[in-house]
Amino acid sequence: MAASPRGHAVVVGAGVVGLASADALARDGWRVTLLDAALGPGRDGASFGNAGMIVPSHVVPLAQPGVFGRSLHWLLDPESPFYVAPRADLELLRWGWRFWRSATPAHVARTLPRLHALHQAGAAAHVALAGRLALPAPERRGLVMLCATEAGWREARHEAEVAARAGVAAQVLDAAEVAACYPGVDVRAVGGVHYPDDGHRSPGALMRAWQEHLPEGATIRWGARAVAWRRRGAEVAAVALENGAEVAGDAFVLAGGHATPELARALGLRLPIQSGRGYSVTLTDPPQRPTVPAILVEGRVAMTPLPEGVRFGGTMEIAPADRPVDPRRVRGIAKAAARTFPAFEADALAALPVWSGARPVSPDGLPYVGRLRRAPNVAVAAGHGMMGFSLGPVTGELIADLFADRTPRVPLEGLEPERFAGA
Ligand SMILES: Cc1cc2nc3c(=O)[nH]c(=O)nc-3n(C[C@H](O)[C@H](O)[C@H](O)COP(=O)(O)OP(=O)(O)OC[C@H]3O[C@@H](n4cnc5c(N)ncnc54)[C@H](O)[C@@H]3O)c2cc1C
C-alpha cells in the first residue's frame, strides 16, 4: 500500500461520529482503518433509526435548573419519557452526581455559546457532506415545539428566551399559528415555538450512503471489536481486537458511542457516559402527512416526516444498552403522538416494529472531543447524547483539525475528554 502523507489513523466505531472522523481524516491525507464490532454494514446502531433532526436550536443542556423536579414524577410512571434503571453501579452514581452538579444557571450560561457554535458549524457540515455524497441538502423546514398544555407552552417559551441569548432564532406560535404550520393535518396544541433554522433528513439513508462512499484511503472492518491498547511510551502503538489480532497506527480515535468508556478505561481514563436508550416507530403509510418536524413537549416525543414514513421517537432510559424493549414506554410514545395528532391511532403506532438505540449521554450535556493528555496520539469523539446526528459531521472535521495541529474550526474549550478526570 502507498504510504500516506500523514500516516495511519485507526478509528474505533462506525456510527455517525466515527464515520465522520474517518471521512475527514482520509480527506486530510491519512490512511484510515475504521473498526466496528458490528458484523456488517447498515446495522441498527444509535445512528440509524433516530429522529434525523439537525437541531441548531438545541443549545440548552439537559442538565439545567428544574430538571430534577420534572424527572422525579416521571420515574414513577412506566409510560413516561424518562427512566433510570435502578442498579448498584458506582459509575452511574458518579454520573448522576456530576449531572446534578451541572444543573445550575452558571453551567447553562457557559454551555449556551459553546453548543451554539458547535451547532452552527454542525448544520453547515451536514450541507457540505450532502454535497460530497451527491445527496440533496437536508430539508430546512424548521422544528415546532408543540405544547398540549399551558404549562408546557410556558416551559417552551422560557427555553426559547434562554436560547435567544445565544442568538437562536425562534417564533412563539399561538394555536391558530400552529394549525397553519400543518395544513390538512389535525393537530391539537395550545401553542408552540417554531425554530426556523433546524433541518432534518433520513439518518438511515445518510448512514448507508456514507458507509458506501467513504473517501479513498478509508476502509471499514466489520466484526472488529477493540478490547485493549498496546502502549509505546506515552503514546499508543496499536489496538488489540477481541480475536487476538492487532491494528497498529499513528493516530487513534475512540468513537464507540455509549460503549466508549470501556476502551477509555483501558487507558486509565474514567469517561462519564451513560447509555440513554430511546425508541422509534415509523409509519410508512400515514393517515396524514405533516411536513414540519415537531417535538411534543409534554411527552418528549419527536415527530419527523421522512421519505420512508412519519417517524415518532422518544424515551430516555438510563439503562444498559442491551435491555429488552419496554412496551410500556413504546405505548407512552404512541399515546403522546395520538394526543397531538389524533389521526394517528395509539394502538396502530404501538403495534409497529420498534427500533431502539442507545444515546451516549455525558453528565454536563457537552460531548467529549479532544486529544488525551495521557496518550497524545489518541482522541476521543463521543458523548453527543441527543445531538449526535446533528453534530457528527462537524465532530469529524474537528478531529481532523486536532491531528493536523490546526486551530479547531470551533473552540473546544469545555469539551475536553479529561475534564472530569480526578473530579
Ligand atoms: C430515539 C432517538 C432519537 C434520536 N434523535 C436524534 C435527532 O433527531 N438528532 C440528533 O442529532 N441525534 C438524535 N439522537 C442521538 C443520536 O442518535 C446519537 O447521539 C448518535 O447516533 C451517536 O452516534 P455515535 O457515533 O457516537 O454512536 P453509535 O451510533 O452508537 O456508534 C458507535 C459504534 O461504535 C461501535 N463500537 C462500540 N464499541 C466498540 C468496540 N469496542 N470496538 C469496535 N466497535 C465498537 C458500535 O458497534 C457502533 O457501531 C437520537 C437517539 C435516539 C436513541
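Every number for a ligand or one of its atoms is a count from 1 in the order of the listing. This one's a predicted model, so the numbers in the text were calculated from it and none came from an experiment.
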Take H58 and S390 through the side-chain hydrogen bond (donor to acceptor under 3.5 Å, both in side chains) test and state the conclusion after the steps. CA-CA 10 Å; H58 280 37; S390 305; over 6 Å; no

Run the numbers on T282 and E308 for side-chain hydrogen bond (donor to acceptor under 3.5 Å, both in side chains), then give the verdict. CA-CA 8 Å; T282 306; E308 54 265 51; over 6 Å; no

Step by step, would you call L34 with L19 a side-chain contact (heavy atoms from CB on, under 4.5 Å)? CA-CA 8 Å; L34 182 52; L19 267 183; 3.7 Å; yes

Are V361 and F99 close enough, and set up right, to give a side-chain contact (heavy atoms from CB on, under 4.5 Å), and what steps lead you there? CA-CA 10 Å; V361 189; F99 185 93; 5.9 Å; no

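The protein heavy-atom contact nearest to atom 30 (O) of ligand 1 is A46 CB, 3.7 Å. Protein heavy atom closest to atom 35 (C) of ligand 1, with residue, atom name and distance, is D36 OD2, 3.3 Å. What sits closest to atom 44 (N) of ligand 1 on the protein, heavy atoms only, is A37 N, 3.0 Å. Atom 52 (C) of ligand 1 has as its closest protein heavy atom R359 NE, 3.7 Å. Scanning all protein heavy atoms for the shortest distance to atom 27 (O) of ligand 1 gives G257 CA, 3.4 Å.
Taken from CG in L271 to CG in L254, the straight-line distance is 8.0 Å, to the nearest 0.5 Å. The distance from atom OG1 of T111 to atom CG of L366, rounded to the nearest 0.5 Å, is 4.5 Å. Distance check: R277 CZ to D322 CG gives 8.0 Å after rounding to the nearest 0.5 Å.
Aromatic ring orientation, F312 versus F341: tilted (interplanar angle from 30° to 60°).
Remark: ligand 1 and G278 share no N or O pair separated by less than 3.5 Å (distance only, no angle test). The shortest N/O to N/O separation between N50 and ligand 1 falls below 3.5 Å. In terms of polar-atom proximity, defined here as any N/O pair under 3.5 Å, V16 does make such a contact with ligand 1. Checked against a 3.5 angstrom limit, the closest N/O atoms of G357 and ligand 1 fall outside it. The N/O atoms of I54, backbone and side chain alike, include none that comes under 3.5 Å of an N/O atom in ligand 1. Residue-to-ligand polar distances place S390 within reach of ligand 1: an N/O pair is separated by less than 3.5 Å. Between V12 and ligand 1, a contact under 3.5 Å exists for no N or O pair. Considering backbone and side-chain N/O of L263, none are found under 3.5 Å from N/O of ligand 1. Every N/O-N/O distance between P360 and ligand 1 stays at or above 3.5 Å. An N or O contact shorter than 3.5 Å is missing between G313 and ligand 1 by distance.
By the criterion of a heavy-atom distance under 4.0 Å, the side chain of A259, and not its backbone, is placed next to ligand 1. With a 4.0 Å heavy-atom cut-off, ligand 1 is reached by no atom of S356. When heavy-atom distances to ligand 1 are checked against a 4.0 Å cut-off, M386 comes that close only through its backbone atoms N, CA, C and O.
Of the candidates S47, A38, A381, S275, S47 brings a heavy atom nearest to atom 21 (O) of ligand 1. Between the choices A226, G314, G15, the shortest heavy-atom distance to atom 31 (O) of ligand 1 belongs to G15. Atom 3 (C) of ligand 1 has its nearest heavy-atom neighbour, among G392, G388, A51, A224, in A51. Nearest-heavy-atom check against atom 37 (C) of ligand 1 across G383, P203, G256, S21 picks out G256.
Within ligand 1, counting atoms from 1 as listed, the ones closer than 4.0 Å to a heavy atom of A255 are 32 (C), 34 (O). The distance from ligand 1 to the heavy atoms of F389 drops below 4.0 Å at these ligand atoms: 9 (N), 10 (C), 11 (O), 12 (N), 16 (C). Listed by atom number, the atoms of ligand 1 under 4.0 Å from Y279 heavy atoms are 1 (C). Using a 4.0 Å cut-off to heavy atoms of M387, the atoms of ligand 1 that qualify are 10 (C), 11 (O), 12 (N). Residue G13 approaches ligand 1 through these ligand atoms, each under 4.0 Å from one of its heavy atoms: 33 (C), 34 (O), 35 (C). Under a 4.0 Å criterion applied to the non-hydrogen atoms of M53, ligand 1 contributes the atoms 7 (C), 8 (O), 9 (N), 10 (C), 11 (O). Atoms of ligand 1 lying under 4.0 Å from any heavy atom of V17, numbered from 1 in the order shown and given with element: 24 (P), 25 (O), 26 (O). Those atoms of ligand 1 with a heavy atom of G385 less than 4.0 angstrom away are 15 (C), 18 (C), 19 (O).
For the pair R419 and E413, the salt-bridge criterion is not met [side-chain N within less than 4.0 Å of a carboxylate O].
With ring centers used as reference points, H384 lies 6.0 Å or more from F389.
Scanning all heavy atoms of the two residues, the minimum distance from G257 to P360 falls at C-CB, 3.5 Å. Closest approach of A169 and D197 over heavy atoms only: CB-OD2, 3.9 Å.
When each of E91, E262, E418 is paired with R270, the salt bridge (Lys or Arg N to Asp or Glu O under 4.0 Å) condition holds for E91 and for no other. Shown are K335, R329, R328; of these, the salt bridge (Lys or Arg N to Asp or Glu O under 4.0 Å) with E79 is made only by K335.
The number of heavy-atom neighbours closer than 6.0 Å to CD of E345, taken from other residues, nucleotides and ligands shown, is 12 or below. Under a cut-off of 6.0 angstrom, the local environment of CZ in R374 is crowded, with over 12 non-hydrogen atoms contributed by other residues, nucleotides or ligands.
Remark: R157 qualifies as a cation-pi partner of W153 under the 6.0 Å distance and 45° angle criteria applied to the six-membered ring.
Side-chain atoms of S280 come within 3.5 Å of backbone atoms of G49 as a donor-acceptor pair (strictly under, hydrogens ignored).
For the ligand labelled ligand 1, residue A302 lies outside the 4.0 Å heavy-atom shell.
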